[in-house]
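Notes to accompany the following structure.
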Amino acid sequence: MQTATSSNIYQLSEEQLAVRDAARDFAQSELWAGVIERDEHQKFPAEQIKKMGELGFMGMMVSPEYGGSGLDTVSYVLAMEEISKVDASCSVIMSVNNSLVCWGLEKYGTEEQKQKYLPRLCSGEIIGAFALSEPEAGSDATSQRTTAEDMGDHYLLNGTKNWITNGTTASVYLVIAQTNPELKSRGINVLIVDKDMPGFVQGPKENKLGIRGSDTCSLMFTDVKVPKENRIGADGFGFKFAMQVLAGGRIGIASQALGIASGSLELSLKYAKERKAFGVPIAQHQAIQFKLADMATNIDAARLLCLQAAADKDNGADYAKSGAMAKLFASKVAMDAAVEAVQIHGGYGFVKEYHVERFMRDAKITQIYEGTSEIQKIVISREILK
């Protein structure tokens with residue numbers, strides 16, 4: 001399979017290649033062995049996440065000043081793909097911590113906020129969560145029912161958040177809430193909420209189709225007293241904050257989808273060379289060859305879109321369109337590649353020990369979270385119609 005390293009468009013640096021190889025080695029040596037058990041029993045990969053923190057994968061783009069790895073977004077994309085080839089549950093925990101929590105804190109937080117939270121988030125000592133979605137505010141992020149009433153020196157937080165990745169295991173949450181409803185999106189704030197604040201309760205883990213090693217739950221806030229110093233940015237900055245971190249988060253999820261697709265192809269290539277039908281390996285049958293050719297072509301195209309979005313972010317260019325394109329396309333490629341991988345494996349594809357049925361289940365969520373595919377099309381169309 002042709003990789004980005006052989007491309008004339010993106011010549012990866014030695015450091016970027018080293019990051020990719022380190023992520024690949026970790027995924028193969030530390031994640032592969034127990035991934036089926038974690039999926040089946042919805043077991044959170046606590047030990048693995050701690051090791052990822054020690055290796056620098058939980059705060060990849062954070063400055064070393066705050067305990068991060070100080071790497072670029074391209075390196076992050078490469079690492080996300082390798083981790084996702086093996087365990088998409090680990091990669092979404094990694095993505096949320098990197099893209100939505102650490103990046104947002106370093107970009108927009110106060111010095112005190114950065115010093116307090118980033119070193120522990122980057123090291124894997126604690127993990128973070130991002131709380132935007134609600135029962136009636138998923139794709140329509142402006143319709144926040146969770147309220148943060150301004151009480152002078154603190155906010156009083158009330159409401160419910162749904163579908164929160166790292167919901168039961170996080171120690172710090174970035175919560176989006178409405179303070180001034182009359183201002184609509186300009187009246188929304190983002191607050192740092194610690195897990196032990198009185199009145200804050202995490203619901204039970206959702207029993208999900210895929211990414212089952214990742215914990216997802218609802219959060220309930222009842223008169224939670226949040227100090228004013230826990231607000232990120234100026235009053236009313238919350239909606240803009242959410243859109244900015246989600247734009248970068250889409251690059252992470254696009255890379256996750258790319259990894260699921262790449263993993264599906266790698267297993268399919270291996271199986272097609274070993275499995276025989278009509279006296280020859282099925283890889284010699286044109287029907288299988290064409291499936292593999294389509295998978296490889298689409299995966300390479302998705303990788304280039306991910307690298308373009310990452311390069312745009314690193315170069316200070318507007319990455320709203322490129323990030324949305326990467327997520328839209330890569331998530332479709334992930335779903336298509338995983339379905340074809342099951343088909344290539346035949347009956348074995350329906351059996352857990354061959355992994356591809358898990359890839360198929362994991363792939364679907366990449367078309368839904370951090371902005372559905374339909375939302376990505378809205379973002380793209382707005383950008384090209386400007």
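Keep in mind it's a predicted model, so treat the numbers as computed, not measured.
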Test item: Asp318 side-chain N/O and Ala320 main-chain N/O as donor-acceptor pair under 3.5 Å: yes

Whether Asp87 side chain and Ser89 backbone form a donor-acceptor pair below 3.5 Å: yes

Ring center gap for Phe130 and Tyr173 short of 6.0 angstrom: no

salt_bridge(Glu30, Lys51) N-O dist < 4.0 Å: yes

Asn158 side chain to Asp223 backbone, donor-acceptor under 3.5 Å: yes

Sub-4.5 Å side-chain heavy-atom contact between Glu136 and Glu134: no

Side chains of Leu174 and Leu100 in contact at under 4.5 Å (non-hydrogen atoms): no

Note, Ile83 side chain near Met94 side chain (heavy atom, < 4.5 Å): yes

Other residues, nucleotides, ligands: >12 heavy atoms within 6.0 Å of Glu54 CD: yes

Interatomic spacing from CE in Met360 to NE2 in His355 - rounded to 0.5 Å: 15.5 Å

Lys240 atom NZ: more than 12 heavy-atom contacts under 6.0 Å: no

Joint hydrophobic cluster, Met295 plus Tyr271, side-chain heavy atoms closer than 4.5 Å: yes

Residue Lys352 excluded, over 12 heavy atoms near NZ under 6.0 Å: yes

Residue pair Val74 / Leu307, side-chain heavy-atom distance below 4.5 Å: yes

Residue pair Phe57 / Ile49, side-chain heavy-atom distance below 4.5 Å: no

Close side-chain approach of Asp235 to Asn189, heavy-atom, < 4.5 Å: yes

Lys195 side chain to Thr168 backbone, donor-acceptor under 3.5 Å: yes

Under 3.5 Å: donor-acceptor pair, side chain of Asn166, backbone of Gly128: yes

Electrostatic pair Asp39:Arg361 at N-O distance under 4.0 angstrom: yes

Geometric class of the Tyr108/Trp103 ring pair [parallel <30°, tilted 30-60°, perpendicular >60°]: perpendicular

Asn97 vs Cys102 side-chain heavy atoms within contact, under 4.5 Å: yes

